[in-house]
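Take a look at the structure below.
Small disclaimer: the values here were computed from a predicted structure and weren't measured.
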Amino acid sequence: MSIIADVVDGKVDISESSQSKERKVGSQLGKDDFLLLLVTQMKYQDPLQPTDNTEYVTQLAQFSELEYMQNMMDVTQHTSAFTLVGKYVYAESTSSSGHNQKEEGMVEFVTMKDGDAYVTVNGVEFKYDEIVEVRDEYFVISQKLPSVKEQQILFLHHDPQNVVIDGVSLGEDEYQASSMGIGIINEKGETVTVDPKNVVYSDGKLTIDKKVFEKFDAGTYNIAFVFDDPNKTVDYENVTLVIKGVKPDLPPGTDTENPDGTEGDGTTGGDGSTEGTEKPGGTEGDGNTEGSGSTENPGETGTEGAGTATA
């Protein structure tokens, strides 16, 4: 770089136009600019009123400080660039032709060229100062995992409607799930699994058939989502289900512990039979019919299959 500058009206001309051919003008003066000023001042100083030596020493000290700070900035930049290896970044550059290049992903490696640091993202090289954002890896992963928007759903027994849940995402990229399981959790923590045939998912909306909720009492429940993504994501807090009203009567036998029969003394047993009580004298049955329709008399005489008892 030339250190010669023109003198106009007794003053050194260091205007941008006069130096445009000598250097690239930046937003700030660098150490080369500072040295140019110092040398030019020494060359064209007034012989009758030379610059004081103390002032020169001060200027040289300032120059040394400026050079040290600039070198430290370069070292800091290079160190920061190398620490980005393995980090998730967003980078953007614009070529001289106006082409805009954007990439996001992990920094694969860092290289040095002509004193400048370059990072490589998805096989594309960017200057260090073209990195526009650095994100924590776990934060990025959490944004791509399956998720459900927080919401509250109301179901009325006297006006049953299909339950529609919005904001259900199966995830993105390699963290995407292909399916999910649905469960309904009551206040005691007990879970009832919803049959997949009663669930429809499309475009971020999950629809559960209204008949699923007919057997649930009024109260507050949570709807749980179990995704089959690589992280096995589970969400059971974001969707609250509030059921109001009185559940409808169910068909006989569908809501009993044993729909085929009940057990008890003198009542129908689990196999549909009726058992009697033992009578004095060793006679069992006393006209009571067992499941086979026969009456047994373990005494001296008895008729089997007639439906009556003999004394």
What's the spacing between [X] [atom1] and [Y] [atom2] if we round to 0.5 Å?
{"X": "R135", "Y": "Q143", "atom1": "CZ", "atom2": "CD", "answer": "7.0 Å"}
{"X": "E174", "Y": "K144", "atom1": "CD", "atom2": "NZ", "answer": "6.0 Å"}
{"X": "I223", "Y": "I165", "atom1": "CD1", "atom2": "CD1", "answer": "4.0 Å"}
{"X": "S178", "Y": "F227", "atom1": "OG", "atom2": "CZ", "answer": "11.5 Å"}
{"X": "T120", "Y": "E103", "atom1": "OG1", "atom2": "CD", "answer": "11.0 Å"}

Is there a path of hydrophobic side-chain contacts, each under 4.5 Å between heavy atoms, that joins [X] and [Y]?
{"X": "V194", "Y": "Y201", "value": "yes"}
{"X": "V119", "Y": "F109", "value": "no"}
{"X": "V132", "Y": "V140", "value": "yes"}
{"X": "V124", "Y": "I131", "value": "yes"}
{"X": "V199", "Y": "V192", "value": "yes"}

Enumerate, atom names and distances included, each donor-acceptor pair closer than 3.5 Å involving a side-chain atom of residues 145-163, sequence neighbours excluded.
from	atom 1	to	atom 2	distance (Å)
Q151	OE1	D166	N	3.3
Q151	NE2	K149	O	3.0
Q151	NE2	D166	O	2.6
H157	NE2	F216	O	2.7
D159	OD1	Q161	NE2	3.1
N162	OD1	K210	N	2.9

To check you understand the geometry: which heavy-atom pair defines the closest contact between [X] and [Y], and what is its length?
{"X": "A218", "Y": "K244", "value": "CB-CA, 4.2 Å"}
{"X": "D217", "Y": "Y221", "value": "O-OH, 2.8 Å"}
{"X": "A81", "Y": "A117", "value": "CB-CB, 3.7 Å"}
{"X": "S142", "Y": "F139", "value": "OG-O, 2.6 Å"}
{"X": "A177", "Y": "D228", "value": "CB-OD1, 3.3 Å"}

[X] side chain to [Y] main-chain N or O, any donor-acceptor pair under 3.5 Å?
{"X": "E108", "Y": "G123", "result": "yes"}
{"X": "D136", "Y": "Y138", "result": "yes"}
{"X": "Y236", "Y": "I185", "result": "no"}

* Are Y175 and T233 side-chain neighbours, meaning at least one heavy-atom pair lies under 4.5 Å? -> no
* To do: Go through E104 and V121 one step at a time and tell me if the side chain to side chain contact (heavy atoms under 4.5 Å, CB included) criterion holds.
  => CA-CA 7 Å; E104 65 172 280; V121 181; 5.9 Å; no
* **Face-on cation placement of K113 at Y118 ring, 6.0 Å and 45° thresholds** => yes
* **Criterion side chain to side chain contact (heavy atoms under 4.5 Å, CB included) on F213 and I184, from CA distance to verdict** => CA-CA 9 Å; F213 307 98; I184 301 175; 3.5 Å; yes
* Ignoring hydrogens and angles, state whether a donor on the side chain of E237 or N222 is under 3.5 Å from an acceptor on the partner side chain. => no
* **Test side chain to side chain contact (heavy atoms under 4.5 Å, CB included) applied to F126 and V89, step by step** => CA-CA 11 Å; F126 294 90; V89 303; over 6 Å; no
* **Within residues 181-195 or reaching into it, pairs that qualify as side-chain hydrogen bond (donor to acceptor under 3.5 Å, both in side chains) - sequence neighbours excluded** => N186-E190
* Over 12 foreign heavy atoms within 6.0 Å of NZ, K87 -> no
